[in-house]
Novice: 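Got a structure here, written out as structure tokens. Questions coming.
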Amino acid sequence: HQTLQAAMDWSFDLLPEAERDLLSRLSVFSQSFDLAAATAVASDGADALDVLERIAGLIDRSLLVTEGTADTARYRLLDTVREYAAHRLRQADGDAETRERHRHHFVDRVHDAWRKGLSIMGDPWVSMVALDRENFHAALEDAVTAGDREAATVLVGGLHYTWYWHGSVPPVVSSIDADWLACSSPSLHAEALTGVAGSAWLTERIGVEGVGQLLERAREVADTAGTERDRGWTRYNLGYFFHIVGDNVTARAWMEECL
């Protein structure tokens, strides 16, 4: 262990300062990442070209692994390098700031998809999230730990349907109280309430009545400040839920309202 530590120290100290800093900050990624994500966590406002040059230097020194193709290149730290780089980041007191940058990047990804009109149930968005699933989940966990209600709400709202596709709900979701959720986007707030309801139902933490109450709250958010689509969608969710639990009278009433 001491020999490995000494070798890592030697390799790290030989790096130019900009590459040392970037390597440390890349340790916040839980899996592979793309150039845009790497640029987002860089500390000195470097543009993508600068970051790409630093990445190339780290690859040349076998500290970073490249994956994918030239058009869809992704990068990954080996576990031993990530652990060492994370240690150096903590030593430099850069961990909290870098995690905040990481969190904001993935929140921005959700906002960007929302602005472009991508369906959070559609294949393009689900496929994009799959590439960064661990990074998105790490950002959500960090948001909850940091008490960042806006970020957590956006991430739950944007991701919850992908959890059903993959059959896995991040453990941190069980600690999120619906009353804690808050978001400047009524659409994403309503989606987050729906996501908390669905995940609680899947993990059997609440029953039919509790899920119905959360879905009703999502509808109220949509009715108060959401779009026409939000109002219809939250009613559809109520109708679909009551249909799958066998209350077809209530389900029909909500489905008729969403038309």
Side-chain angles (χ1 to χ4, degrees), residues 30-31 99 103 106-107 109-110 114 119-122 125-126 129-130 132-226 230-255 257-258:
S30 301
Q31 62 179 115
R99 290 192 179 280
R103 179 169 78 243
F106 287 99
V107 167
R109 290 273 302 274
V110 176
W114 206 258
S119 168
I120 59 174
M121 296 178 64
W125 176 240
V126 171
V129 170
D132 276 302
R133 183 166 52 174
E134 291 178 28
N135 287 320
F136 273 110
H137 291 177
L140 175 57
E141 184 169 355
D142 181 60
V144 173
T145 301
D148 189 341
R149 299 165 69 189
E150 174 87 14
T153 304
V154 170
L155 289 165
V156 173
L159 298 176
H160 70 98
Y161 281 108
T162 70
W163 302 335
Y164 314 142
W165 280 100
H166 296 293
S168 176
V169 179
V172 71
V173 177
S174 64
S175 69
I176 298 175
D177 190 316
D179 290 335
W180 181 74
L181 295 171
C183 186
S184 56
S185 165
S187 300
L188 285 168
H189 190 182
E191 284 292 354
L193 288 167
T194 302
V196 168
S199 63
W201 171 253
L202 284 178
T203 53
E204 300 181 339
R205 287 186 286 111
I206 59 175
V208 172
E209 183 178 357
V211 173
Q213 289 172 350
L214 287 176
L215 294 178
E216 277 276 16
R217 287 179 61 183
R219 179 194 61 78
E220 290 169 1
V221 169
D223 283 357
T224 301
D230 298 331
R231 292 189 286 274
W233 186 239
T234 52
R235 283 163 170 76
Y236 171 84
N237 286 332
L238 279 159
Y240 181 74
F241 173 70
F242 283 109
H243 168 69
I244 64 174
V245 298
D247 184 349
N248 289 321
V249 173
T250 304
R252 181 183 179 87
W254 282 120
M255 286 297 189
E257 278 201 31
C258 80

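Only heavy atoms go into these numbers, but all of them, side chains included; no hydrogens, no water, no symmetry mates.
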Novice: Answer yes or no: is there a side-chain heavy-atom contact under 4.5 Å between Ser119 and Trp125?
Specialist: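 In short, these two side chains do not touch, never coming nearer than 4.5 Å.
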Novice: About how many Å separate CE of Met255 and CZ of Phe242, when rounded to the nearest 0.5 Å?
Specialist: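 Output value for this atom pair is 11.5 Å.
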Novice: Please report the closest heavy-atom contact between Ala192 and Thr153, naming both atoms and the distance.
Specialist: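 In terms of heavy atoms, the two residues are closest at CB-O, 3.4 Å.
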Novice: When rounded to the nearest 0.5 angstrom, what is the spacing between OG in Ser199 and CG in Leu214?
Specialist: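 Nearest 0.5 Å value for the OG-CG distance: 9.0 Å.
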Novice: Decide salt bridge (Lys or Arg N to Asp or Glu O under 4.0 Å) for Arg217 and Glu220; before the verdict, give the C-alpha distance in whole Å, the side-chain angles of both, and the deciding distance to 0.1 Å.
Specialist: CA-CA 5 Å; Arg217 287 179 61 183; Glu220 290 169 1; 5.8 Å; no
Novice: Check Val154 against Cys183 and note the closest heavy-atom contact, atom names and distance.
Specialist: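 Scanning both residues, the minimum pair turns out to be CG2-SG, 3.7 Å.
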Novice: Please tell me if the side chains of Ser174 and Thr203 come closer than 4.5 Å, counting only heavy atoms from C-beta onward.
Specialist: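 Heavy-atom side-chain distance check fails, nothing below 4.5 Å.
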Novice: Using 30° and 60° as the class limits, which term best fits the ring planes of Tyr164 and Tyr161: parallel, tilted or perpendicular?
Specialist: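 Rings of Tyr164 and Tyr161: perpendicular, as their planes differ by over 60°.
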Novice: Return the minimal non-hydrogen interatomic distance between Ser185 and Trp114, and the atom names on each side.
Specialist: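 Smallest heavy-atom distance, with atoms named: OG-NE1, 4.5 Å.
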Novice: Pick out which of Glu141, His137, Glu134, Arg133 makes a side chain to side chain contact (heavy atoms under 4.5 Å, CB included) with Ser30.
Specialist: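 Checked Glu141, His137, Glu134, Arg133 against Ser30; only one passes side chain to side chain contact (heavy atoms under 4.5 Å, CB included): Glu134.
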Novice: List the atom of Thr194, the atom of Ala218, and the distance in Å for their closest heavy-atom pair.
Specialist: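 Shortest heavy-atom separation between Thr194 and Ala218 comes out as OG1-CB, 3.7 Å.
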Novice: Any non-hydrogen side-chain atom of Leu140 less than 4.5 Å from a side-chain atom of Val156?
Specialist: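 Of all side-chain heavy-atom pairs linking Val156 with Leu140, at least one is under 4.5 Å.
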Novice: Check for a donor-acceptor pair, side chain of Trp233 on one end and backbone N or O of Ser187 on the other, with a separation under 3.5 Å.
Specialist: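 Such a contact is absent between Trp233 side chain and Ser187 backbone.
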Novice: Does the side chain of Trp163 come within less than 4.5 Å of Val173's, by heavy atoms?
Specialist: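 Yes, their side chains come closer than 4.5 Å.
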Novice: Can you tell me how far apart CG (Asp132) and CZ (Arg109) are? Round to the nearest 0.5 Å.
Specialist: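 With rounding to 0.5 Å, CG (Asp132) is 5.0 Å from CZ (Arg109).
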Novice: Quick one: do Arg103 and Asp142 make a salt bridge, cutoff under 4.0 Å?
Specialist: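 Yes, this pair counts.
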Novice: With a 4.5 Å heavy-atom cut-off, do Trp201 and Val208 have their side chains touching?
Specialist: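 Touching, per the 4.5 Å side-chain cut-off.
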Novice: Just how far is it from atom CD1 of Ile120 to atom CH2 of Trp165, taken to the nearest 0.5 Å?
Specialist: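 If I round to the nearest 0.5 Å, the distance is 12.5 Å.
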Novice: Once you round to the nearest 0.5 Å, how far does NE2 of His189 lie from CZ of Arg149?
Specialist: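 So the NE2 of His189 and the CZ of Arg149 are separated by 8.5 Å.
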Novice: Nearest 0.5 angstrom please: Leu238 CG to Thr250 OG1, how far?
Specialist: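 If I round to the nearest 0.5 Å, the distance is 10.0 Å.
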Novice: Identify the two heavy atoms, one from Gly158 and one from Val110, that lie closest to each other, and give their separation to 0.1 Å.
Specialist: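 Where Gly158 meets Val110 most closely, the heavy atoms are CA-CG1, 3.8 Å.
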Novice: Closest approach of Leu155 and Phe136, non-hydrogen atoms and distance?
Specialist: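 Heavy-atom minimum between the residues: CD2-CD2, 4.0 Å.
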Novice: Please identify each residue that fulfils side chain to side chain donor-acceptor pair (under 3.5 Å) with Glu257, with sequence neighbours left out.
Specialist: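 Checked Glu257 against side chain to side chain donor-acceptor pair (under 3.5 Å); matches are Arg235.
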Novice: Considering residues, nucleotides and ligands other than Arg205, do more than 12 of their heavy atoms fall under 6.0 Å from its CZ?
Specialist: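 Yes.
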